[in-house]
2 protein chains.
Amino acid sequence: MLRENLTVAIEDYLKTIHELTLTDGRATTNRIAECLEVTPASVTGMIQRLASADPPLVAYHKHHGAKLTPDGERAALEVIRHHRLLETFLQQTLGYTWDEVHAEADRLEHVISEELEERIAQSLGNPTQDPHGEPIPNRELQLPEQSWVRLSDLAPGQRAAVQRVGSPTPELLRYLSSIGMVPTTGLAILDRSEFDDNLRIQIENQPEPVVLGLKVTQQVYVEVV
Amino acid sequence: MLRENLTVAIEDYLKTIHELTLTDGRATTNRIAECLEVTPASVTGMIQRLASADPPLVAYHKHHGAKLTPDGERAALEVIRHHRLLETFLQQTLGYTWDEVHAEADRLEHVISEELEERIAQSLGNPTQDPHGEPIPNRELQLPEQSWVRLSDLAPGQRAAVQRVGSPTPELLRYLSSIGMVPTTGLAILDRSEFDDNLRIQIENQPEPVVLGLKVTQQVYVEVV
DNA sequence: TGGGAAATTTAGTTTAGCCTAAATTATATT
DNA sequence: AATATAATTTAGGCTAAACTAAATTTCCCA
Ligand SMILES: [Mn+2]
Ligand SMILES: [Mn+2]
Ligand SMILES: [Mn+2]
Ligand SMILES: [Mn+2]
């Protein structure tokens, strides 16, 4: 099953399975259903089709979720490269803000040709990160190893640089912009509240510290310095 | 039936019906089928769906082809604006040549948002023509009146400027580039052959005249000067 | 270790959009 | 006006991708 006969639905499933495998360690039927906003029954149907495709795109064991085959992995990375290049292009070249790029890229990613992918990459100077700090697979579809530490895992006294934002909803992104917390920004943990795990954080170049709850700090990944 | 629930197939049908109506004066089942490379039976099925949509997008009289309703016309122009803006953008901003832009635009036209349409238009300075010389509907979806004269209709002695190229296949476009005949180029008819209607033409800035057959001259539209 | 809740799969439908083959209608020619 | 040919529609079928409802399996805990 070459790239040409992958449908939009299939590409979305592969991308979701890839991302769930990275974040959760596995991709279960119900999690996939949640991410794609379809019913679990629909996911089972699709997983079974993907597993019996030629060549198979996922390995399927009843009641135990889906795992990408090398072919499925390659197809997923291709879509992810499209997505992240598009997000970067929309921001750099067309003046979108980082909270506006996702929905547009989510549709365009399935229809751009390899030619357009390459021209976009060239015109941007082959970027390695998208606006949310996510790494862009290179031309050979390789991703750098990611060492991920959640902001929520830091202890008072630690210093770090913002790396990327996971599940970047427009609302979260606009909020982060407003407090000056974007990829590469430096920060220092001042203290942690007893019960609710709120963090008081001093953000680089900001006059006042902010207090952030888990809803925010679990979505922000950092590099400890 | 708002823009949101128009499928790719529907948009392609509406666009084709619009273009056939302009070029042939009407859109028959078989011509639509040819253009879209589907069977006539499929076209009948789709026309009937479009006619009974709410609101109807075409007027349908059995055995007499389809005519766009105002709603259908609006939807068609929306897709055509997308298509021609995209072609222009691909050429101007990403360095595509005029024979490469069509296929890419044909897929992208269905998935870009109004927001992206507007940003592309802005970044290009609201162009009024695409790379093939076709007019781009403005923001209100108005098209300028077109006075079309085919190059093949000119008589020896007449002078004209190239306006646009109809049904622009990549092969035709590459050929026209190679002889220096692109929109706005000036030319003069030297003479016409007796039986085959070949035209001998002097093209502006070219050392030698060229002889072109109907296959070419019927696809090139000009403005007599 | 045996239920019960949660997760997952099966079975049966639906809709869009295409197909082929056969039937029908329009048009053109004599 | 009758008939041949071309254009179009009808009938029936297929695949992709979704859904709901019911059945089944897994897993966790008392
Ligand atoms: Mn998508
Ligand atoms: Mn690619
Ligand atoms: Mn199209
Ligand atoms: Mn538009």
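In what follows, chains carry the letters A, B, and so on, assigned in the order in which the sequence lines appear, proteins first and then strands, with residues in each chain numbered from 1.
- Residues passing the ring-ring contact (aromatic ring centres under 6.0 Å, His included) test with A:H102 are A:H83, sequence neighbours excluded.
- Every salt bridge (charged side-chain N to carboxylate O under 4.0 Å, His left out) that A:D197 has, sequence neighbours left out, goes to A:R192.
- Between the C1' atom of C:dA7 and the NE2 atom of A:H64 lies a distance of 11 Å, rounded to the nearest Å.
- The residues B:E115 and A:R107 are annotated as not salt-bridged, no charged nitrogen and carboxylate oxygen being separated by less than 4.0 angstrom.
- Rounded to an integer number of Å, the gap from CD of B:Q48 to C1' of C:dC18 is 15 Å.
- Summarising the geometry, the separation between NE2 on A:H61 and C1' on C:dA7 is reported as 18 Å, rounded to the nearest angstrom.
- Of the charged side-chain nitrogens involved, at least one lies within less than 4.0 Å of a carboxylate oxygen, so that B:E100 and A:R119 count as a salt-bridged pair.
- Look at CD1 on A:I47: it is 9 Å from P on C:dT8, rounded to the nearest Å.
- Atom CG of residue B:L22 and atom CD1 of residue B:I17 lie 12.5 Å apart, to the nearest 0.5 angstrom.
- Atoms CD1 and CG, from B:I120 and B:N126 in turn, are 12.0 Å apart once rounded to the nearest 0.5 Å.
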All N/O contacts under 3.5 Å from nucleotides 18-25 of chain D to the protein, with atom names and distances to one decimal?
residue : atom : partner : partner atom : Å
D:dC19  : OP2  : A:T39   : N            : 3.0
D:dC19  : OP2  : A:T39   : OG1          : 3.1
D:dC19  : OP2  : A:S42   : OG           : 2.5

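- Residues B:E34 and B:R31 are paired through a salt bridge, judged by an N-O separation under 4.0 Å between the basic side chain and the carboxylate.
- For DNA chain D, none of the residues of residues 23-31 of chain A falls under the heavy-atom distance limit of 4.0 Å.
- Counting to the nearest Å, the C1' atom of C:dT8 and the CD atom of A:E34 are 14 Å from each other.
- When each of A:Q129, A:H132, A:Q146 is checked for a side-chain contact (heavy atoms from CB on, under 4.5 Å) with A:R164, only A:Q146 meets the rule.
- For B:K62 and C:dT24, the NZ to P distance is 12 Å, given to the nearest whole Å.
- For the residue pair A:E87 and A:Q91, no side-chain donor N or O sits within less than 3.5 Å of a side-chain acceptor on the partner.
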Would you list the protein and nucleotides 12-15 of chain C atom pairs, both N or O, that sit under 3.5 Å from each other?
none

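- Within the structure, salt bridge (charged side-chain N to carboxylate O under 4.0 Å, His left out) contacts touching residues 215-224 of chain A (residues at least two apart or in different chains) do not occur.
- One distance of note links CG of A:D153 with CD of A:Q158; it measures 9.5 Å at 0.5 Å rounding.
- Taking atom CG of residue B:L50 and atom P of nucleotide C:dA16, one finds them 11 Å apart after rounding to whole Å.
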